[in-house]
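Working notes, beginning with the structure itself.
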Amino acid sequence: MLAIEKQYVQWHENETLRNARWLSESNQVPPARIVLVDDNTTADEAYRWACEGTSMLWCGDFHNARQLLQAITRRIERTEQRKISKAAKSGQPTAESLVIPNLFHQQRQAQAQRSRVLSRLLLALDAGYVSTLRRAPDVSAACTAAFGELDEPCLISFRDVQGALGAAQWRAKGVPITGLDVSIFPHYGVFAPTRHEYVQLMLDAPLPAAHDVALDIGTGTGLLAIILAQRGVKQVIATDLNPRALTCAKENFTALELTAVQLQQADLFPTAAPLANLVVCNPPWLPAKPSSPLEYAVYDANSAMLRGFVQGAKQHLAEQGEVWLILSDLAEHLQLRTREDLLGWFAEAGLAVKYRLDTEPKHGRSQDKTDPLFAARSAEITSLWCLVAQA
Ligand SMILES: C[S@@+](CC[C@H](N)C(=O)[O-])C[C@H]1O[C@@H](n2cnc3c(N)ncnc32)[C@H](O)[C@@H]1O
């Protein structure tokens, strides 16, 4: 892991020079220009500043900041809509811009731009993430859980604080998992299993006759490891690169009193693990560069994790062992990867397909006909590929 250098920001407030640590979960650079804004600032002014690249430090009522952010969001959406209508009137969209992978990249760029603009509304928090704004809730516990202890003042986007508050709620409430009699408690920055279709695949796939040892690669909240332990696998070794995932998975294992599961921080496979009867993985499913650490669970540049997993899995298999790869084919519908690529990687790795279980998505996005990528999203199938060493 890279050590992240601390960054500080200075600004003037009532003729006093202030200095605070810069925190940005989406890796935004520290602001070059800061203006002070409050309840008297209009949404149009704020939107203009944000689009120009000026950051705004909120000094008004805490709850009004949320309303301002919503008003800026509406303006971004209107601008995006106007661009689409203008392109349509001028004879565009061109054939090129309608090609599915281009639409996907345009959507990603628009999301990144939206995130940059919305991240320009800032909060200054005292040490321990304390806000002194009018009607400010206690954000300290949620921010400490999300971003770690901090004993100095910080400057952070309102959006990141909202993210921490939302994550704290998920963590307290938990996500009940359909088909399993458990709730999973996701942490900030850890893939939350809100789409459960693949859980049923993990429950339906017949366990190999011997199932003493399993590896769960990229465990996230620990969900797949929990399913395997509940299905009777005696020892599960789970890995993840993301330290937040390891803390989260540990908490979930402890809450369920699972002693059969061990955790290791590792790039893919654990070190010094016994050969496994089962090696499972639900990798990030879209081959695109993650734009922030929060996206590492979904986007996998050049399918590096997927290919690394497929390439290395056989080495970790005991005799008669099986690999279970959970993978959505959305990347294929978006023309970012082909089925032939995937089958070619299996063959190169010396793996043969024993069987495949499929499921269709039920989440809202796959039903949204206004999404330009609806055709791809509604055709998505998630599969459990059972792979074995080629004879
Ligand atoms: C789609 S999430 C799946 C999480 C969990 N297995 C589940 O099904 O809910 C992918 C996970 O892989 C992890 N990951 C990504 N690259 C990795 C790597 N090279 N080695 C280990 N874990 C990785 C991410 O941090 C994330 O937790």
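In listed order, ligands and their atoms are each counted from 1. What you see is a predicted model, and the numbers here were worked out from it, not measured in a lab.
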Starting from [atom], locate the nearest protein heavy atom and write down its residue, its atom name and how far away it is, to 0.1 Å.
{"atom": "atom 10 (C) of ligand 1", "result": "Asn282 O, 3.4 Å"}
{"atom": "atom 23 (C) of ligand 1", "result": "Met305 CE, 3.7 Å"}
{"atom": "atom 12 (O) of ligand 1", "result": "Gly218 CA, 3.5 Å"}
{"atom": "atom 25 (O) of ligand 1", "result": "Asp240 OD1, 2.7 Å"}

Under 4.0 Å from a heavy atom of [X]: give me the atoms of ligand 1 that qualify, with their elements.
{"X": "Tyr198", "answer": "7 (C), 8 (O), 9 (O)"}
{"X": "Gly220", "answer": "4 (C), 27 (O)"}
{"X": "Asp267", "answer": "18 (C), 19 (N), 20 (N)"}
{"X": "Phe191", "answer": "2 (S), 3 (C), 4 (C), 9 (O)"}
{"X": "Leu268", "answer": "18 (C), 19 (N), 20 (N), 21 (C)"}

TODO: Write out all pairs satisfying side-chain hydrogen bond (donor to acceptor under 3.5 Å, both in side chains) with one or both partners inside residues 154-166, taking only residues at least two apart or from two chains.
DONE: none

Open item on the list: Please classify the Ala266 to ligand 1 contact at 4.0 Å (heavy-atom distances, strictly less than): side chain, backbone, both or neither.
Closed with: backbone

Open item on the list: I need the contact type for Thr219 against ligand 1. Using non-hydrogen atoms and a strict under-4.0 Å cut-off, is it side chain, backbone, both or neither?
Closed with: backbone

Task: Positive for side chain to side chain contact (heavy atoms under 4.5 Å, CB included) with Leu155, one of Ile34, Leu23, Asn19 - done: Ile34

Open item on the list: So, applying side chain to side chain contact (heavy atoms under 4.5 Å, CB included) with Thr221, which one of Ile177, Asp240, Val190 is it?
Closed with: Val190

TODO: Counting heavy atoms only, name the option from Ile184, Leu241, Asn242 that's nearest to atom 22 (N) of ligand 1.
DONE: Leu241

Open item on the list: My understanding is that we take every heavy atom of each candidate and find the minimum distance to atom 1 (C) of ligand 1. Doing that for Ala297, Pro193, Cys248, Ser328, which one comes out nearest?
Closed with: Ala297

Does a side-chain N-to-carboxylate-O contact under 4.0 Å join [X] and [Y]?
{"X": "Arg116", "Y": "Glu52", "value": "no"}
{"X": "Arg195", "Y": "Glu380", "value": "yes"}
{"X": "Arg337", "Y": "Asp329", "value": "no"}
{"X": "Arg108", "Y": "Glu295", "value": "yes"}

Open item on the list: Glu360: which residues meet the salt bridge (Lys or Arg N to Asp or Glu O under 4.0 Å) condition with it, sequence neighbours left out?
Closed with: none

- [ ] Please report the C-alpha distance between Arg21 and Glu5 in whole Å, then the side-chain angles of each, then the deciding distance to 0.1 Å, and finally whether the salt bridge (Lys or Arg N to Asp or Glu O under 4.0 Å) criterion is met.
- [x] CA-CA 11 Å; Arg21 173 99 169 262; Glu5 217 180 289; over 6 Å; no

